[in-house]
K.L.:
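Please read through the structure below; I'll follow up with questions.
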Amino acid sequence: MKTNYDVAIIGGGIIGCSIAYYLAKEKIDVAVFEEKQIASKSTRAAAGMLGAHSECDDFEIFYPFARSSQLTYFDLKDELRELSGVDIELRKGGIFQLAFSEQEKEELSATLSLPTVSWYDSVEMRNRENAVSSNIFGAAYIEDDVHVLPHSTCLAFSKCAQIYGASIFEYTPVFAIQKEDSIYIIKTNKGAFQAKTVVVANGVWSSSFFHQLGLHHTLSPVKGECISVSSVQPLLKHTLFHEHCYIVPRNNGRLVIGATMVKNDWHEQPTLGGLESLIAKAKTMLPTVTDLKIESCWAGLRPQTFDKKPFIGYHPEDEGILFATGHFRNGILLAPATGQMIRDLIVKQEVKKEWIDAFKVNRF
Ligand code: FAD
Ligand code: GLY
């Protein structure tokens with residue numbers, strides 16, 4: 001078995017797999033070590049919205065980075081399908097971000113000032129989606145905030161990375177990273193591997209590697225619970241979004257309702273209380289939602305940093321170690337931009353200074 005690589009990536013979620021894809025495409029010899037299966041944790045739980053506008057709380061840093069990632073997806077979907085045969089199901093439709101009062105419209109004013117966003121009053125909105133609550137005041141329509149299937153997207157990245165020569169090791173937890181001369185030894189249940197560079201990309205579980213590598217950074221879990229329901233006739237053509245709750249239309253009349261925000265809960269099962277609050281919120285947007293049949297429910301852990309922005313960059317004292325973790329509510333959206341940024345740092349291509357500064361590990 002080959003045990004020597006240029007780059008070792010720890011974690012086979014959407015972030016690790018996107019990085020593997022962009023590096024392997026540059027003919028860099030890369031291996032991904034995944035404790036369970038590819039796309040089995042937070043990535044699998046996600047709704048898959050590419051909410052560059054609807055999730056934006058910072059127009060200076062988050063928005064340009066997220067928007068560049070969102071735009072990348074529009075071409076990437078074909079590239080990934082042609083190479084891997086996997087359809088990431090990026091469908092047109094976009095998001096209606098609902099306002100239930102004049103004040104809520106006011107709160108959307110920064111979003112509404114963007115040329116990619118338009119305002120629909122209550123009547124116009126209900127002409128587009130007639131099952132929406134008659135209590136709405138109006139909605140911001142964002143055509144580009146489409147969605148993908150997160151699990152398929154991660155698998156497509158991983159398959160394409162393999163086609164470009166990457167090695168993917170599933171059921172291979174990394175226990176430790178040690179430095180010997182200028183080479184890193186990656187200790188796993190399948191023995192020791194060597195790499196010149198290591199990328200820590202194991203989501204909310206990255207804290208242990210920060211600590212092993214002499215840093216005090218901690219990621220906290222913010223659990224999100226979701227329910228999937230089905231209807232015979234498709235009820236929605238667009239995603240509905242209000243505060244942190246959303247209803248995403250999938251194929252065959254399926255709707256994904258998400259998601260709760262439960263801080264510091266490491267349990268990956270949904271609770272009845274969580275689902276109850278979710279159903280109550282969904283009902284305010286789409287009153288008939290309670291008539292629909294439950295298909296399944298699940299939960300996942302969003303990896304949150306102290307300022308809710310990801311860590312993307314070098315270990316402050318070791319240029320052989322990089323971190324790409326803490327993508328919180330937007331790992332699916334930010335995966336292409338993160339993969340490209342890590343690739344550019346490793347191959348010494350120029351990266352925007354404001355992104356280096358905003359996401360660097362020692363930005364306290
Ligand atoms: P993960 O997907 O958790 O992957 C980390 C991987 O590392 C795991 O597979 C784990 O098994 C592995 N691992 C852990 N420790 C080790 C180790 N020691 N050795 C080897 N492997 C290890 N984002 C969006 O952009 N849009 C959305 O609509 C959206 N909706 C969401 C809805 C919910 C309910 C939740 C919970 C999240 C949502 N997110 C969304 C956020 C998104 O899911 C995350 O930001 C993203 O999945 C993080 O990806 P990741 O690769 O960093 O982490
Ligand atoms: N971005 C949607 C969520 O985290 O629930």
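In each ligand, atom 1 is the first atom listed, and ligand 1 is the first ligand listed.
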K.L.:
Salt-bridge test for Lys2 and Asp29: reply yes if a basic N is under 4.0 Å from a carboxylate O, no otherwise.
P.N.:
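The answer is yes: the pair qualifies as a salt bridge.
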K.L.:
Looking only at heavy atoms, is any part of Arg329 under 4.0 Å from ligand 1, and if so is it the side chain, the backbone, or both, or is it neither?
P.N.:
backbone
K.L.:
Would you say ligand 1 has an N or O under 3.5 Å from any N or O of Val174?
P.N.:
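Yes, there is a polar N/O contact under 3.5 Å.
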K.L.:
For atom 15 (N) of ligand 1, which of Ile19, Val248, Asn202, Ile9 has the closest heavy atom?
P.N.:
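The option holding the nearest heavy atom is Asn202.
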K.L.:
Where is the nearest protein heavy atom to atom 2 (O) of ligand 1: which residue, which atom, and how far?
P.N.:
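Answer for atom 2 (O) of ligand 1: Thr43 OG1, 2.6 Å.
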K.L.:
Please state whether the rings of Tyr5 and Phe169 are parallel, tilted or perpendicular, taking 30° and 60° as the class boundaries.
P.N.:
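Tyr5 vs Phe169 ring planes: perpendicular.
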K.L.:
Counting non-hydrogen protein atoms only, what is the nearest one to atom 9 (O) of ligand 1? Give residue, atom name and distance.
P.N.:
Glu34 OE1, 2.7 Å
K.L.:
Given a heavy-atom cut-off of 4.0 Å, could you list the residues near ligand 2 in chain and number order?
P.N.:
Met49, Glu55, Tyr246, Ala259, Arg302, Arg329
K.L.:
Can you find an N/O atom of Ala47 closer than 3.5 Å to an N/O atom of ligand 1?
P.N.:
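The answer is yes, given that Ala47 and ligand 1 share an N or O pair closer than 3.5 Å.
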K.L.:
What are the atoms of ligand 1, with element, lying closer than 4.0 Å to any heavy atom of Leu333?
P.N.:
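Going through ligand 1 atom by atom, the ones under 4.0 Å from Leu333 are 24 (C), 25 (O).
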K.L.:
Polar contacts were defined as any N/O atom of the residue lying under 3.5 Å from an N/O atom of the ligand; does this apply to Ile332 and ligand 1?
P.N.:
yes
K.L.:
Taking N or O atoms only and a 3.5 Å limit, does Gln37 qualify as a polar contact for ligand 1?
P.N.:
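So ligand 1 has no N or O lying under 3.5 Å from an N or O of Gln37.
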K.L.:
Check ring-ring contact (aromatic ring centres under 6.0 Å, His included) between His147 and all other residues, then give those that pass, not counting sequence neighbours.
P.N.:
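His147 satisfies ring-ring contact (aromatic ring centres under 6.0 Å, His included) with no residue once adjacent residues are dropped.
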K.L.:
At a 4.0 Å threshold, what atoms of ligand 1 neighbour a non-hydrogen atom of Ile15?
P.N.:
49 (O), 50 (P), 51 (O), 52 (O)
K.L.:
With a 4.0 Å cut-off on N to O distance, would you call Lys41 and Glu35 a salt bridge?
P.N.:
no
K.L.:
Go through it in stages, so that I can follow the logic: the residues are Leu236 and Glu129, the test is side-chain contact (heavy atoms from CB on, under 4.5 Å), and I'd like the CA-CA distance, side-chain angles, deciding distance and then a yes or no.
P.N.:
CA-CA 6 Å; Leu236 287 178; Glu129 290 290 2; 3.5 Å; yes
K.L.:
Is there a nitrogen or oxygen of Ala259 sitting under 3.5 Å from a nitrogen or oxygen of ligand 1?
P.N.:
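No, no N or O pair falls under 3.5 Å.
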K.L.:
Would you say ligand 1 has an N or O under 3.5 Å from any N or O of Glu225?
P.N.:
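N/O-N/O distance below 3.5 Å does not exist for this pair.
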K.L.:
Any Lys/Arg nitrogen of Lys36 or Glu170 sitting under 4.0 Å from an Asp/Glu carboxylate oxygen of the other?
P.N.:
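Salt bridge flag = no for Glu170 with Lys36.
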K.L.:
Which of the numbered atoms in ligand 1 are under 4.0 angstrom from any heavy atom belonging to Gly203?
P.N.:
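Matching atoms, with element in brackets: 5 (C), 52 (O), 53 (O).
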K.L.:
May I ask whether Gly48 places a heavy atom under 4.0 Å from ligand 1?
P.N.:
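The answer is yes: ligand 1 sits under 4.0 Å from a heavy atom of Gly48.
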K.L.:
Considering heavy atoms of the protein only, find what lies nearest to atom 35 (C) of ligand 1 and give residue, atom and distance to 0.1 Å.
P.N.:
Arg302 CG, 3.9 Å
K.L.:
What is the ring orientation for Phe311 with His217, classed by angle as parallel under 30°, tilted 30 to 60°, or perpendicular over 60°?
P.N.:
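Correct class here is perpendicular.
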K.L.:
Provide, to 0.1 Å, the distance between atom 38 (C) of ligand 1 and the closest protein heavy atom, together with that atom's residue and name.
P.N.:
Ala46 CB, 3.6 Å
K.L.:
Can you confirm, on distance only, whether ligand 1 has an N/O atom lying under 3.5 Å from any N/O atom belonging to Gly300?
P.N.:
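No; every N/O pair is 3.5 Å or more apart.
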K.L.:
Apply ring-ring contact (aromatic ring centres under 6.0 Å, His included) to Tyr314 and Phe323, showing your working.
P.N.:
CA-CA 6 Å; Tyr314 290 109; Phe323 293 90; over 10 Å; no
K.L.:
Just jot down the ligand 1 atoms closer than 4.0 angstrom to any heavy atom of Cys226, in number order.
P.N.:
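With Cys226 as reference, the close atoms of ligand 1 come out as 34 (C).
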K.L.:
For the ring pair Phe96 and Tyr141, is the centre-to-centre distance below 6.0 Å?
P.N.:
yes
K.L.:
Please find out if less than 6.0 Å separates the ring center of His315 from that of Phe210.
P.N.:
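No, too far apart.
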K.L.:
Examine ligand 1 and decide if any of its atoms is less than 4.0 Å from a heavy atom belonging to Phe175.
P.N.:
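Checking ligand 1 against Phe175, which is what was asked, there is no heavy-atom contact under 4.0 Å.
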K.L.:
If you count the atoms of ligand 1 from 1 in the order shown, which ones are under 4.0 Å from a heavy atom of Met49?
P.N.:
24 (C), 25 (O), 26 (N), 27 (C), 28 (O)
K.L.:
Any idea how His242 and Phe100 line up, ring-wise: parallel (<30°), tilted (30 to 60°), or perpendicular (>60°)?
P.N.:
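Ring orientation of His242 relative to Phe100: perpendicular.
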K.L.:
If you have a sec, work out which protein heavy atom is nearest atom 21 (N) of ligand 1 and how many Å separate them, to one decimal?
P.N.:
Glu35 N, 3.0 Å
K.L.:
Please could you name the atoms of ligand 1 that Gly224 approaches to less than 4.0 Å, counting only its heavy atoms?
P.N.:
34 (C)
K.L.:
Closer than 4.0 Å to some heavy atom of Pro173 - which atoms of ligand 1 meet that?
P.N.:
19 (N), 20 (C)
K.L.:
Non-hydrogen atoms of Tyr246 versus ligand 1: any pair closer than 4.0 Å?
P.N.:
yes
K.L.:
With a 4.0 Å cut-off on heavy atoms, does Thr325 reach ligand 1?
P.N.:
no
K.L.:
Is the closest N or O pair between Leu334 and ligand 1 shorter than 3.5 Å?
P.N.:
no
K.L.:
Taking distance alone, with no angle check, do Phe328 and ligand 1 share an N/O pair under 3.5 Å?
P.N.:
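So ligand 1 has an N or O lying under 3.5 Å from an N or O of Phe328.
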K.L.:
Could you say whether the N/O atoms of Ser42 and ligand 1 ever approach to under 3.5 Å?
P.N.:
yes
